[in-house]
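Okay, structure first, notes after.
Indexing begins at 1, ligand by ligand and atom by atom, following the structure's order.
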Amino acid sequence: MKQPSTEQIVIRQETPADYRAVFDLVSRAFGNAEHADGDEPYLVGRLRKSGAVIEELSLVAEVDGQIAGHILFTEVRAGDTVQLALAPLSVLPVRQNRGIGSLLVNAGHERGKRLGYDYSIVLGNPGYYSRFGYFPAGRIGLKAPFPVPDGCFMVHPLQGKTPVISAIVEYANAFFQKDAC
Ligand SMILES: CC(C)(COP(=O)(O)OP(=O)(O)OC[C@H]1O[C@@H](n2cnc3c(N)ncnc32)[C@H](O)[C@@H]1OP(=O)(O)O)[C@@H](O)C(=O)NCCC(=O)NCCS
């Protein structure tokens, strides 16, 4: 019989003291992911340096005091609006499928809503992100600035409204500077 978990999961803002553990966590989370290219932990570092990271939206999940999950949202431009991009999201392989990723996504959404953003944008697996209310970004007029598989470029309305934004999303340069870590 499945035993109830006694783990204490705490979601909190990342601090500089977490950077090393987060690098290790992101490396391990993406280590076996089929779409990963090994750049993910360096991307996190570049995004921090770029200023695109919103500190309140750089979150870690601690399980019994150990960092087991991390999520980052950065600002992106979409037409004359500023929205959030969710990337990357990482959970330690040994801690996956216990709801940690969901806790991080939901905590980020709550904070993003409070900060007044209309949308969180993600490039990811619809099988995972649709559970949080993400739907294809094309429905509100948004396009990715690079080729994406059908249905994988998605938005989640944070304020409960779905304003049309006919624009190509402009990501922080750090997303594209893979050799500059
Ligand atoms: C994707 C990831 C963050 C999910 O975190 P998690 O804590 O394991 O997820 P949760 O426990 O909240 O959710 C588990 C559910 O998500 C599903 N799921 C997990 N990864 C998935 C994926 N890549 N695609 C589709 N569904 C996925 C599980 O099958 C499970 O489904 P169920 O609720 O129907 O049983 C984690 O698996 C991870 O770090 N993966 C490697 C890095 C990665 O791919 N990040 C996402 C980049 S967009």
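Classification of D39 and R46 as a salt-bridged pair holds, one side-chain N sitting under 4.0 Å from a carboxylate O. The pair R20-D24 does not meet the salt-bridge criterion, since no charged nitrogen lies less than 4.0 angstrom from a carboxylate oxygen. In summary, R114 and E56 do not engage in a salt bridge, as defined by a charged side-chain N under 4.0 Å from a carboxylate O.
The shortest contact between atom 20 (N) of ligand 1 and any protein heavy atom is with Y128 CD1, 4.4 Å. Closest protein heavy atom to atom 41 (C) of ligand 1: A29 O, 3.3 Å. If you check which protein heavy atom lies closest to atom 8 (O) of ligand 1, you get N97 N, 2.7 Å. When hydrogens are left out, the protein atom nearest atom 11 (O) of ligand 1 is G99 N, 2.6 Å; that is the closest non-hydrogen contact. Remark: minimum distance from atom 48 (S) of ligand 1 to any protein heavy atom is reached at Y129 OH, 3.3 Å. R131 NH1, 3.7 Å is the protein heavy atom nearest to atom 32 (P) of ligand 1. With hydrogens left out, the protein atom closest to atom 45 (N) of ligand 1 is L89 O, 2.8 Å, a heavy atom. Nearest protein heavy-atom contact of atom 22 (C) of ligand 1 is N125 ND2, 4.1 Å.
Of the polar atoms of A33, none of the N or O atoms is found under 3.5 Å from an N or O of ligand 1, judged by distance alone. Of the N or O atoms in V91, one or more lie within a sub-3.5 Å distance of an N or O in ligand 1.
Within the structure, the closest approach of E40 to ligand 1 does not fall below 4.0 Å when heavy atoms are considered.
Contacts between S90 and ligand 1 below 4.0 angstrom, taking non-hydrogen atoms only, involve the backbone exclusively. Under 4.0 angstrom from ligand 1, there are no non-hydrogen atoms of R95.
In this structure, the side chain of E62 does not engage the main chain of A68 through any donor-acceptor pair within 3.5 Å.
Take A21 and apply the side-chain contact (heavy atoms from CB on, under 4.5 Å) test, not counting sequence neighbours, and it matches I67.
Against a heavy-atom cut-off of under 4.0 Å, R98 is close to the following atoms of ligand 1: 11 (O). Set against the non-hydrogen atoms of H35, the atoms of ligand 1 under 4.0 Å away are 44 (O).
Between Y129 and F132, the ring planes lie tilted relative to each other; the angle falls in the 30° to 60° range. Between Y134 and H109, the ring planes lie tilted relative to each other; the angle falls in the 30° to 60° range.
Two residues are said to be in side-chain contact when any heavy atoms from C-beta on lie closer than 4.5 Å; R48 and V22 meet this criterion.
In this structure, Y117 has its ring center at least 6.0 angstrom away from the ring center of F73.
Within the 4.0 Å cut-off (strictly below), no protein heavy atom is located near atom 2 (C) of ligand 1.
Across I11 and A61, no two heavy atoms sit closer than the pair CD1-CB, 3.6 Å.
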